[in-house]
Amino acid sequence: MRNGGKISASIDVLTDVLNRHQPVKSAARDWGKRARYAGAKDRAWVSGLVLDALRKRNSIAHAMGDDSPRGLILGALAHAWGWNIREIDAAMDEEHAPEKLTLQERERLVMAPDPTAPPHAQGDYPEWLAPHLARVFGEEAVVEAQAMAVRADVDLRVNTLKVDAEKAAAPLKSAKAEPSKLLHNAYHIPARDPSQREASLESIPAYSKGWVEVQDAGSQIAAAAGNAQPGEQVLDYCAGGGGKTLALACQMQGKGQIFAYDIDGRRLSALIPRLKRSGAHNVQLVHPSEQTQLEDLTGQMDLVFVDAPCTGTGTWRRRPDAKWRLKPGQLAKRQQEQTDILANASTFVKPGGRLVYATCSFLMEEDEDRVTEFLSGHADFTEEDAAEAAIASGLLTDDGAAMVRGYRGPSGSVRLTPRRAGTDGFFFAVLRKA
């Protein structure tokens with residue numbers, strides 16, 4: 001496909017996302033089914049442009065004076081991909097391209113960024129979230145949000161049940177993976193140019209052998225705060241797809257027992273092939289229909305890990321369409337769910353055991369507020385230093401240890417963001433039962 005046709009396809013896909021409220025993956029997949037002539041690189045190009053238009057939706061709409069799919073796609077070419085007006089003109093002259101640029105579009109495409117644009121436009125976040133961001137980040141709200149409006153890097157966790165980080169290095173060279181600066185047993189793949197196709201990690205033998213798992217560095221650090229020890233009894237209470245279950249299994253070196261539970265049985269079932277690939281033999285799935293089995297764990301766990309359902313604001317770089325679907329009512333619903341989950345999960349912690357609460361959200365309403373509320377009603381729990389808990393795992397490098405200490409809050413919890421840590425947005429707190 002030539003650029004003009006790909007621009008036209010991008011407008012169509014974005015129209016489905018905005019007008020039909022389809023997730024980007026679904027809209028791009030549907031377009032791909034209609035456009036059998038499109039190759040893998042073409043599909044990557046279209047998806048990349050749509051995602052960048054969504055990442056920077058507010059700033060592009062302000063710059064273009066137009067929030068239509070066409071305006072956002074054209075603006076993304078100039079303001080996200082750095083195309084000049086000649087390149088855009090040339091593409092619009094090609095066969096299957098959209099209509100040629102209007103005079104207003106041409107003027108807008110060459111204008112410099114407006115320093116007087118409102119904060120939610122500069123930071124590319126929903127306007128209703130402005131007070132929430134200000135509460136967390138203060139005067140740095142815009143720059144923190146801007147760091148969430150770029151393409152995310154890829155992080156890999158080495159599965160030390162099968163291989164060490166040194167041995168995993170050679171087969172990861174083809175993916176241009178570099179040793180992580182934050183974690184010993186991890187690798188980092190910098191984000192590629194938005195128009196380029198991402199490397200297929202599934203095709204790397206190291207992945208199919210179970211040597212590595214895709215897991216954001218922030219998620220790995222949150223799991224490290226669990227500091228699971230060999231021989232312990234551990235419950236991953238909101239296991240989902242099992243990323244942290246597998247990370248905890250590595251910490252435990254295959255000794256002890258991990259129970260993986262999730263209220264969504266379908267998500268939990270997705271963990272089965274990952275477990276087989278990882279070689280983790282001390283993980284037992286607890287299906288939501290097996291309530292008796294779950295109740296038998298009451299008061300028995302050394303560690304209960306709660307990666308709570310949340311608004312996912314920390315993952316905006318990867319899921320920019322979710323940013324614009326988020327509404328105040330959803331935030332309120334999540335807060336109640338988190339309150340209930342924390343209370344329920346705490347019943348499985350044995351005396352002297354610990355409860356780790358984590359979210360992929362930067363909102364204090366989902367983070368510190370939930371911990372404070374929980375502690376106010378559970379006098380037998382106290383908050384500990386989450387940064388030191390992660391460091392004690394031995395998984396963090398010196399840079400990683402300094403980073404988590406630097407972003408430790410007054411009560412001991414830690415908040416990571418793309419700007420601060422180069423990770424997804426993550427919050428984690430460690431609570432100890434008397």
Side-chain angles (χ1 to χ4, degrees), residues 51-60 62 76 79-80 82 113 115 117-127 129-155 178 180-183 186 188-194 215-222 224-225 310-324 326 358-368 386-387 390 396-410 413-429:
L51 287 167
D52 278 331
L54 289 166
R55 288 184 180 106
K56 298 181 178 293
R57 178 180 176 179
N58 277 359
S59 59
I60 291 173
H62 183 84
H79 301 294
H120 69 277
Q122 294 186 50
D124 286 296
Y125 54 83
E127 186 174 5
L129 277 174
H132 299 274
L133 270 81
R135 184 184 175 200
V136 181
F137 302 120
E139 294 180 354
E140 297 184 332
V142 168
V143 291
E144 285 280 358
Q146 287 173 338
M148 301 175 199
V150 298
R151 199 173 194 188
D153 300 337
V154 175
D155 295 303
E178 308 163 351
S180 170
K181 295 179 181 179
L182 303 177
L183 293 143
H188 178 81
I189 304 175
R192 299 192 177 188
D193 181 274
Q215 186 176 20
D216 180 75
S219 178
Q220 294 183 52
I221 293 169
C310 66
T311 57
T313 55
T315 64
W316 278 353
R317 296 183 304 169
R318 304 179 195 280
R319 300 175 59 235
D321 46 335
K323 172 163 57 173
W324 308 110
L326 180 60
T359 74
C360 55
S361 169
F362 59 75
L363 299 175
M364 292 181 71
E365 290 81 2
E366 297 186 275
D367 299 339
E368 289 93 339
L396 275 62
T397 64
D398 289 344
D399 286 348
M403 186 271 294
V404 294
R405 283 178 175 141
Y407 297 117
R408 174 177 47 201
S413 61
V414 174
R415 173 176 286 104
L416 308 178
T417 66
R419 177 173 177 253
R420 295 174 173 184
T423 68
D424 282 350
F426 264 94
F427 169 90
F428 54 93

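These values consider heavy atoms only, across backbone and side chains, with no hydrogens, waters or symmetry-generated copies.
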> Run the side-chain contact (heavy atoms from CB on, under 4.5 Å) check on F428 and I221 step by step: do they pass?
Replying inline: CA-CA 9 Å; F428 54 93; I221 293 169; 3.8 Å; yes

>> For D424 and R317: C-alpha separation, side-chain torsions, deciding distance, then whether salt bridge (charged side-chain N to carboxylate O under 4.0 Å, His left out) applies.
In response: CA-CA 8 Å; D424 282 350; R317 296 183 304 169; 2.9 Å; yes

> Can you check side-chain contact (heavy atoms from CB on, under 4.5 Å) on K181 and M403, steps first, answer last?
Replying inline: CA-CA 10 Å; K181 295 179 181 179; M403 186 271 294; over 6 Å; no

> What's the verdict on side-chain contact (heavy atoms from CB on, under 4.5 Å) for W324 and N58, showing C-alpha distance, side-chain angles and the deciding distance?
Replying inline: CA-CA 10 Å; W324 308 110; N58 277 359; 3.5 Å; yes

>> side-chain contact (heavy atoms from CB on, under 4.5 Å), that's the test. Do H132 and E365 meet it? Break it down for me.
In response: CA-CA 8 Å; H132 299 274; E365 290 81 2; 3.0 Å; yes

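Closest of all the heavy-atom pairs between S413 and A429 is CB-CB, 3.9 Å. Of all heavy-atom pairs spanning T313 and M148, the tightest one is O-SD, 4.4 Å. Summarising the geometry of D367 relative to S361, their closest heavy-atom pair is OD2-O, 2.9 Å, with the distance given to 0.1 Å. P418 approaches A147 most closely through the heavy-atom pair CB-O, 3.5 Å. Here the shortest heavy-atom pairing between G218 and L416 reads CA-CD1, 4.0 Å. When every heavy atom of H62 is checked against every heavy atom of A121, the shortest pair comes out as CB-CB, 4.2 Å.
The main-chain N or O of L182 is found under 3.5 Å from a side-chain atom of T397 such that the two form a donor-acceptor pair. At distances below 3.5 Å, not a single donor-acceptor pair connects side-chain atoms of R420 with backbone N or O atoms of G406. Looking only at distances, a side-chain donor or acceptor of R415 sits under 3.5 Å from a matching main-chain atom of F362. Put simply, the side chain of T315 never gets that close to the backbone of R318: no donor and acceptor are under 3.5 Å apart. In terms of modelled atom types and a separation under 3.5 Å, the side chain of E144 and the main chain of T417 share no donor-acceptor contact. Judged by distance alone, with hydrogens and angles left aside, the side-chain atoms of K323 form a donor-acceptor pair with the main-chain N or O of D124 at under 3.5 Å. Using modelled atom types, one side-chain atom of D153 and one backbone atom of A191 make a donor-acceptor pair closer than 3.5 Å. Without hydrogens or angle criteria, R405 side chain to A387 main chain gives no donor-acceptor distance under 3.5 Å.
Considering only heavy atoms from C-beta on, P113 stays 4.5 Å or farther from H79 through its side chain. Residues E368 and F427 meet the side-chain proximity criterion, which asks for heavy atoms closer than 4.5 Å. Side-chain atoms of L396 and L183, non-hydrogen and from C-beta on, do get closer than 4.5 Å to each other.
Relative orientation of the H120 and Y125 rings is perpendicular, given thresholds of 30° and 60° on the angle between their planes.
Of the inter-residue distances, the one linking D155 atom CG with E178 atom CD reads 10.5 Å to the nearest 0.5 angstrom.
For CZ of R419, the number of neighbouring non-hydrogen atoms (other residues, nucleotides, ligands) closer than 6.0 Å is greater than 12.
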